[in-house]
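What follows is a short report on a single structure.
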Amino acid sequence: MITKANRRQNIRFRIRKKISGTAQKPRLSVFRSNSEIYLQLIDDTTGTTLASASSRDKALAGVTGNKTEKAKQVGAALAAKATALGVTSCVFDRSGYLYHGRVKATAEGAREGGLQF
């Protein structure tokens, strides 16, 4: 029996076959739990995380609103960290989630913050 998690895992593997990040153009990976959202900029050539942001960060603790609005703020926060590192473009990895709702909001927030993908 194929569960929802197994289906997402297969989609995730199919996406990761096609995309990978470098130091100049890292991969923006999204993880979405029921209540929080986590973003990472990953350099796959060395296997290191360049920057990360989540809805649990202390800098974003005062943000009010629904989960989608918080996700947009997390995307903007990651974009600010990326520009501080000198990264202007990235590859978006939706990790098997549909490009809708919170995942779309993080992408829009990152784009508004200055990242290009």
Side-chain donor-acceptor pairs of residues 66-79 under 3.5 Å, sequence neighbours excluded:
residue : atom : partner : partner atom : Å
N66     : OD1  : T68     : N            : 3.3
N66     : OD1  : E69     : N            : 2.9
K67     : NZ   : N34     : O            : 2.8
E69     : OE1  : N66     : N            : 3.2
K72     : NZ   : E112    : OE2          : 3.4

Hey, could you give me the OG1/CG distance between T22 and D43, rounded to the nearest 0.5 Å?
6.5 Å
Closest non-hydrogen atom pair between A107 and F117, with its separation:
O-CZ, 3.6 Å
Within 6.0 angstrom of K81 NZ, more than 12 heavy atoms from elsewhere:
yes
Got a second to check how far D44's CG is from K25's NZ, nearest 0.5 Å?
13.5 Å
When you measure from the side chain of R111 to the backbone of G114, do you find a donor-acceptor pair of N or O atoms at a distance under 3.5 Å?
no
Are Y38 and R56 close enough, and set up right, to give a side chain to side chain contact (heavy atoms under 4.5 Å, CB included), and what steps lead you there?
CA-CA 8 Å; Y38 306 87; R56 297 188 61 164; 3.2 Å; yes
Heavy-atom pair with the smallest gap, counting every atom of P26 and L41
CG-CD2, 3.9 Å
Any donor and acceptor pair, going by atom type alone, linking the side chain of N10 with main-chain N or O of R7 inside 3.5 Å?
no
Value rounded to 0.5 Å, distance of NZ in K104 from CZ in R94:
13.5 Å
Taking all heavy atoms of L115 and all of A82, pick out the closest pair and write down the distance.
CD2-CB, 3.9 Å
Flag, side chain of S95 to backbone of V30, donor-acceptor distance under 3.5 Å
yes
For residues L28 and L39, determine if any side-chain heavy atom of one lies less than 4.5 Å from a side-chain heavy atom of the other.
yes
To the nearest 0.5 Å, tell me how far I42 CD1 sits from C90 SG.
11.0 Å
Would you check if the side chain of R16 reaches a backbone N or O of D93 as a donor-acceptor pair within less than 3.5 Å?
no
Linking I/L/V/M/F/W/Y whenever their side-chain heavy atoms sit closer than 4.5 Å, directly or via other members, would F31 and L98 fall into one cluster?
no
Same apolar cluster: I19 and V87, side chain cutoff 4.5 Å
no
If you measure from CZ on R27 to OG1 on T45, what distance do you get to the nearest 0.5 Å?
11.0 Å
Taking R32's backbone N and O only, do any of them form a donor-acceptor pair with Y97's side chain (distance below 3.5 Å, no angle check)?
yes
Strictly distance-based, threshold 3.5 Å: is any side-chain N or O of S55 a donor or acceptor partner for the main-chain N or O of E36?
no
